[in-house]
Amino acid sequence: MRRFRFQANVASLLLAFLCALDWATSAVAQSTTLTGVVVKGRKYTGKVMFRDANTLGLLRRDGGLSTYSIEDIESTKNLAKRFSPYSRDELEERLRSEFSKGYSVAFTDNFAVVYPPNSAFGWATTFERYFRLFTHYFEARGFVLTRSEFPMIAIVLRTRAEFDRYLEQIDLENPANIVGIYSMKTNRIITFDQAMATSPKRANENLLTVIHEAAHQSAFNTGVHERFRPVPRWVSEGLATMFEAKGVHNSIDNPQFQDRLATVYLHELQGMIAEDSFRGNIKSIVCSDELFADEPRTAYATAWGLTFYLAESRPQAYLAYLQSTKRGKDFSRDGDGAERRLEDFCAAFGNDLRDLETRLIQFSQDLPTER
């Protein structure tokens, strides 16, 4: 997932970043032991997650997933050791080696954060705070969460240029508009210090990026979403955009209904409704992720509107639907097709999408806004 900044009346929108995992049907049971592989003369270790005729997927001890072409693998060996994440000291050593030039590493209960030591923004404590607010939201609603097997890693680069170079290395398009990403493949957040890179006034941009990307990372590491199973993009992005509102991520200090509105998306949604261009968007994002690539502003506003409406008006059905998106096997395409996606959605919310659309439109038109 990636956070964008658009140069338009809408201050910032978010586009999804789904790493190019090969969602192949697993041909072997996932291992619980440590395996060593030699690929083009280099040695790697991890837990085998899947293997088919073409690809081997190896979960690394830092939580990242590496995929290797079977043709490039020279040997594999069961190391007769139980797979376990790196210890804190081991992970810190590896991160310091990877980001050795002028970066600090800080640990919290749930995060390992790499950041510029002269940044005035409290990166580690902020990531931890919004993770705890995220988990509180779901626990308060009876959603059973799991504890992450790995520390969640967040990388905060010093400058926009360093961030752009990183994006170029992973062949991400339109890097100029991106200010943060969460990668399911590496299980890392990557961003840069916008206040340090531009102006202290941009500290709020840092906060918005943390909230959005931490919501993604938290969801995929606590069992709200399953990291290695396909989840409709509207589900993951709708949840992350909903959490940007202070009344959602911190309802104790912001108890008013209006505090739960993410106004940047609400204004976009109300504009579409006023222009009579909203009809059909719900079915579009439920059945396919294509709208996020073709019309991102429309897709994100629709995803926020649908998520917020369901969470407010049908909370139990919404939570049950989140649970249903986790069914299936890891690295399987089960549930990823349009027909299956629509079937799952209708099972949770009813078959009459036209009626749902009408209700959401009325709900959105009645929402208070401040411009």
Side-chain angles (χ1 to χ4, degrees), residues 1 3 10 12-16 18 130 133-135 137-138 140-141 143 182 208 211-220 222 224-226 230-251 257-270 272-273 278 280-289 291-292 295-326 341-342 344-350 353 356-367 369:
M1 288 67 181
R3 184 166 188 275
V10 179
S12 61
L13 289 173
L14 309 178
L15 283 178
L18 295 177
Y130 285 97
L133 290 171
F134 179 92
T135 57
Y137 176 92
F138 281 96
R141 288 158 177 79
F143 196 104
Y182 164 69
L208 288 174
I211 293 170
H212 185 89
E213 302 304 339
H216 280 314
Q217 194 177 40
S218 300
F220 280 102
T222 60
V224 175
H225 307 319
E226 290 293 337
V231 57
R233 196 171 296 187
W234 80 264
V235 175
S236 59
E237 293 299 345
L239 181 60
T241 52
M242 185 174 72
F243 261 83
E244 291 182 38
K246 60 185 179 181
V248 175
H249 63 246
N250 185 4
S251 60
F257 176 78
Q258 183 143 343
D259 294 333
R260 300 202 292 275
L261 302 177
T263 54
V264 65
Y265 307 109
L266 175 58
H267 293 163
E268 189 77 14
L269 178 63
Q270 290 178 329
M272 287 189 289
I273 292 171
F278 179 74
N281 286 351
I282 291 179
K283 186 173 183 179
S284 177
I285 63 171
V286 166
C287 292
S288 167
D289 296 336
L291 193 64
F292 286 89
E295 300 178 48
R297 296 170 69 130
T298 296
Y300 272 83
T302 303
W304 172 83
L306 179 56
T307 301
F308 185 68
Y309 170 72
L310 294 173
E312 290 287 326
S313 64
R314 303 184 63 182
Q316 294 307 312
Y318 172 65
L319 293 176
Y321 175 74
L322 284 179
Q323 291 281 16
S324 76
T325 64
K326 300 191 296 176
R341 284 173 56 151
L342 182 60
D344 290 345
F345 184 86
C346 291
F349 306 114
L353 294 189
L356 176 62
E357 216 165 37
T358 299
R359 292 175 183 274
L360 193 156
I361 288 171
Q362 185 61 59
F363 175 81
S364 300
Q365 289 175 328
D366 292 340
L367 292 177
T369 58

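Quantities reported herein were computed from a predicted structural model and do not represent experimental measurements. Numbering of residues begins at 1 and proceeds along the displayed sequence.
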Item to check | For A317 against A348, the heavy-atom pair lying closest together | outcome: CB-O, 4.0 Å
Item to check | Worked check of side chain to side chain contact (heavy atoms under 4.5 Å, CB included) between F345 and L353 | outcome: CA-CA 10 Å; F345 184 86; L353 294 189; 3.6 Å; yes
Item to check | A219 to L239 - nearest heavy-atom pair and separation | outcome: CB-CD2, 4.3 Å
Checklist outcome for this item: Between S284 and the options T302, L291, T298, the side-chain contact (heavy atoms from CB on, under 4.5 Å) test singles out L291
Next on the checklist: Quick one, F308 and R260 - any side-chain contact, counting heavy atoms below 4.5 Å?
Outcome noted: yes
Checklist outcome for this item: Here the gap from M242 atom CE to T307 atom OG1, rounded to the nearest 0.5 Å, amounts to 6.5 Å
Checklist entry - Do the side chains of R233 and I285 get nearer than 4.5 Å, heavy atoms only? => result no
Checklist entry - Is any side-chain heavy atom of Y321 closer than 4.5 Å to a side-chain heavy atom of L310? => result no
Checklist entry - Quick one: are C287 and R341 in side-chain contact, heavy atoms under 4.5 Å? => result no
Checklist entry - What are the two closest non-hydrogen atoms of T325 and L322, and how far apart are they? => result OG1-O, 2.7 Å
Next on the checklist: Walk me through whether V231 and E226 qualify under side chain to side chain contact (heavy atoms under 4.5 Å, CB included).
Outcome noted: CA-CA 8 Å; V231 57; E226 290 293 337; over 6 Å; no
Checklist entry - Are the ring centres of Y137 and F243 closer than 6.0 Å? => result yes
Next on the checklist: Once rounded to the nearest 0.5 Å, what's the spacing between atom CG of N281 and atom CG of L306?
Outcome noted: 10.5 Å
Item to check | W304 side chain near E244 side chain, heavy-atom distance below 4.5 Å | outcome: no
Next on the checklist: What's the separation between atom OG in S236 and atom OH in Y182, rounded to the nearest 0.5 Å?
Outcome noted: 10.5 Å
Checklist outcome for this item: The reported gap from CD in E268 to CE in M272 (rounded to nearest 0.5 angstrom) is 6.0 Å
Checklist entry - Residues in ring-ring contact (aromatic ring centres under 6.0 Å, His included) with Y130, at least two apart? => result H249
Item to check | Worked verdict on F257 versus L367 for side chain to side chain contact (heavy atoms under 4.5 Å, CB included) | outcome: CA-CA 9 Å; F257 176 78; L367 292 177; 3.5 Å; yes
Checklist entry - Do the side-chain N and O atoms of E237 and H212 include a donor-acceptor pair separated by under 3.5 angstrom? => result yes
Item to check | Check: F349 main-chain N/O paired with R314 side-chain donor or acceptor under 3.5 Å | outcome: yes
Checklist entry - In Å and rounded to the nearest 0.5 Å, what is the CD to CD distance from Q270 to Q365? => result 8.0 Å
Checklist entry - Within the side chain of S218, is there an N or O that forms a donor-acceptor pair under 3.5 Å with the backbone of A215? => result no
Item to check | Distance-minimising heavy-atom pair for P315 and A311 | outcome: CB-O, 3.4 Å
Next on the checklist: Could you tell me if E312 and Y318 have a donor-acceptor pair between their side chains, going purely by distance under 3.5 Å?
Outcome noted: no
Next on the checklist: To the nearest 0.5 Å, what is the distance between OG1 on T263 and CG on L269?
Outcome noted: 12.5 Å
Check: residues 357-364 side-chain donor-acceptor pairs under 3.5 Å, at least two apart:
unit_1: E357; atom_1: OE1; unit_2: R279; atom_2: NH1; d: 3.4
unit_1: E357; atom_1: OE2; unit_2: G280; atom_2: N; d: 2.6
unit_1: T358; atom_1: OG1; unit_2: R279; atom_2: NH1; d: 3.2
unit_1: T358; atom_1: OG1; unit_2: R279; atom_2: NH2; d: 3.1
unit_1: T358; atom_1: OG1; unit_2: R354; atom_2: O; d: 3.0
unit_1: R359; atom_1: NE; unit_2: D355; atom_2: OD2; d: 2.8
unit_1: Q362; atom_1: NE2; unit_2: D366; atom_2: OD1; d: 3.1
unit_1: Q362; atom_1: NE2; unit_2: D366; atom_2: OD2; d: 3.2
unit_1: S364; atom_1: OG; unit_2: L360; atom_2: O; d: 2.9

Checklist entry - Centres of the Y300 and F292 rings: under 6.0 Å? => result yes
Checklist entry - How about I282 and F278: do any of their side-chain heavy atoms sit closer than 4.5 Å? => result yes
